[in-house]
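A quick write-up on the structure given underneath.
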There are 2 protein chains.
Amino acid sequence: MAIDRKEQIYSTARTMFSERGYPATTVRDIARELNMQAGSLYAHIGSKEDVLWEIVERAALQFIGVVAPIASSQTPPADKLRAMVRAHVLVVADNLDDATIFLHEWKFLGEERRAWVNERRNLYEGFYRRVIDEGIDSGDFAAHTDAKMAALLVLSSMNWLPQWYNPAGPLSPEEIADSFTQTILKGIQAPQY
Amino acid sequence: MAIDRKEQIYSTARTMFSERGYPATTVRDIARELNMQAGSLYAHIGSKEDVLWEIVERAALQFIGVVAPIASSQTPPADKLRAMVRAHVLVVADNLDDATIFLHEWKFLGEERRAWVNERRNLYEGFYRRVIDEGIDSGDFAAHTDAKMAALLVLSSMNWLPQWYNPAGPLSPEEIADSFTQTILKGIQAPQY
DNA sequence: CCTACCGATCGGTAGG
DNA sequence: CCTACCGATCGGTAGG
């Protein structure tokens, strides 16, 4: 059984960055949890920021990797949006700490890395904006729908999820996703004749 | 013109706590901005945490103070919810830094103060849960509405607002509030006969 | 992975 | 409000 020290360091960092935040977590906190000396960490990591970066980058690519194929598929807009939100919520539920760090700790990265994150965020948000535009064009969603605001409503509910979601709670990720999308879809759907 | 040093310190702290976060802001950062020595701050403040506390407490009381009267008024549920969200968004728009700090930096307070914040949060969220319950009872909202999830949708959109709202942007606070509540209200309204 | 340590910086205080 | 300073701690490195 290969005990991968590097994985342990990242796992501990994930928990601590998520709970206390990046600046309030010290390399000594991480080392202590693993019964190591602070300096010994640097046999496995480049810097504290490198650890944050790897977590953030991984999370960004995971969200995009899961949602992009759905966004570019040929599916009716309402079904597509439902599938995207569901995929997103499942990733969050399985990677709560990564999602929290991705949403709140990326600002402590250096300038270049921060710029990279911003690009991916815009890309990701575009997926949602576009499905809603598709729905307006196809007549599935009401013509007066403000695509930007509707996308923001979807993204807000997903981004706030890590703050309250409890894996031990009564609601499954699927139920949460369905509840949100059901209300929002009904809220933006075109009048039925 | 009385230059209130204490107010200047709090004003600077508000900006910095909001932008960099509490742990990443040092008392020397605040002092430097005001052309003071770090030690001189302590003629006006008790501790760094006291400054955070005063900001968080003030924000909490402001949100509750503005929304509670509406929540307890005799108004049709849909109108009431609209008015509550509008009041909330106006407070956020006028106090962006306080809202950000209230939402994200309160966890760096000591245990007692953190508990106080948690109580007010629950109280505040209850206002929204209850209006939605009222609407379900009165038949204004669909009987199958999940009040908890609907309230969460409202609160999520409001809580994410400080992350993207731009006072120089094209949307007024009223327009933002109306857009969100319009979609959500339509999403949870009872079928019309 | 440890010992030992670096320069820098932290929140805060004493004494004017 | 400044000077001068406190003990503690920070991220990180050298040299084994």
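Sequence lines set the chain letters: A, B, ... in the order given, protein chains first and strands last, and positions in each chain run from 1.
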Please tabulate, one pair per line, each protein N/O and nucleotide N/O from nucleotides 3-9 of chain C that are separated by under 3.5 Å, including the distance.
none

Using side-chain contact (heavy atoms from CB on, under 4.5 Å) as the criterion, list what pairs up with A:Glu119, not counting sequence neighbours.
none
In this structure, are over 12 heavy atoms from other groups packed under 6.0 Å from B:Lys6 atom NZ?
no
In whole angstroms, the gap separating P of C:dG11 from CE of B:Met36 amounts to 15 Å
Residues in salt bridge (charged side-chain N to carboxylate O under 4.0 Å, His left out) with A:Glu7, at least two apart?
A:Arg14
In chain order, what residues pass the ring pair (Phe, Tyr, Trp, His ring centres under 6.0 Å) check against A:Phe17, with sequence neighbours excluded?
A:Tyr22
Using the rule that two of Ile, Leu, Val, Met, Phe, Trp, Tyr join whenever any of their side-chain heavy atoms come within less than 4.5 Å, decide whether A:Ile184 and A:Leu90 are in one cluster.
no
What residues from residues 41-59 of chain B pass a heavy-atom cutoff of under 4.0 Å to DNA chain D?
B:Ala43, B:His44
With sequence neighbours left out, which residue pairs that include part of residues 71-90 of chain A fulfil the ring-ring contact (aromatic ring centres under 6.0 Å, His included) condition?
A:Phe63-A:His88, A:His88-A:Tyr124
Report the residues that fulfil side-chain contact (heavy atoms from CB on, under 4.5 Å) with B:Asp79, sequence neighbours left out, ordered by chain and then residue number.
B:Thr75, B:Pro76, B:Arg82
Residues that B:Arg20 engages under salt bridge (charged side-chain N to carboxylate O under 4.0 Å, His left out), provided they are two or more places apart
B:Asp29
DNA chain D-proximal residues of residues 7-23 of chain A, any heavy atom under 4.0 Å:
none
Throw together a table of side-chain donor-acceptor distances under 3.5 angstrom for residues 139-153 of chain B, partners on residues two or more places apart or in other chains.
| from | atom 1 | to | atom 2 | distance (Å) |
| --- | --- | --- | --- | --- |
| B:Asp140 | OD2 | B:Ser138 | OG | 2.6 |
| B:Thr145 | OG1 | B:Ala142 | O | 2.7 |
| B:Asp146 | OD1 | B:Lys148 | N | 3.1 |
| B:Asp146 | OD1 | B:Met149 | N | 3.2 |

Between C:dG12 (P) and B:Asp29 (CG): distance, integer Å:
14 Å
Taking only Lys NZ, Arg NE, NH1 and NH2, and the carboxylate oxygens of Asp or Glu, determine whether B:Lys80 and B:Glu134 approach each other closer than 4.0 Å.
yes
Tell me, please, which residues at least two apart from A:Arg5 pass side-chain contact (heavy atoms from CB on, under 4.5 Å).
A:Gln8, A:Leu34, A:Met36, A:His44
Duplex segments of DNA chain C, taken as runs of at least three Watson-Crick or G-U pairs that stay under 3.5 Å:
C:1-16 with D:1-16
To the nearest Å, how far apart are B:Arg32 CZ and D:dC1 P?
17 Å
So, for B:Leu96 and B:Pro162, which heavy atoms are closest and what is the spacing to 0.1 Å?
CD2-CA, 3.9 Å
Regarding B:Arg113 and B:Glu57, does a basic nitrogen lie under 4.0 Å from an acidic carboxylate oxygen?
no
With heavy atoms under 4.0 Å as the rule, sort A:Asn35 into base, sugar-phosphate or nothing.
sugar-phosphate
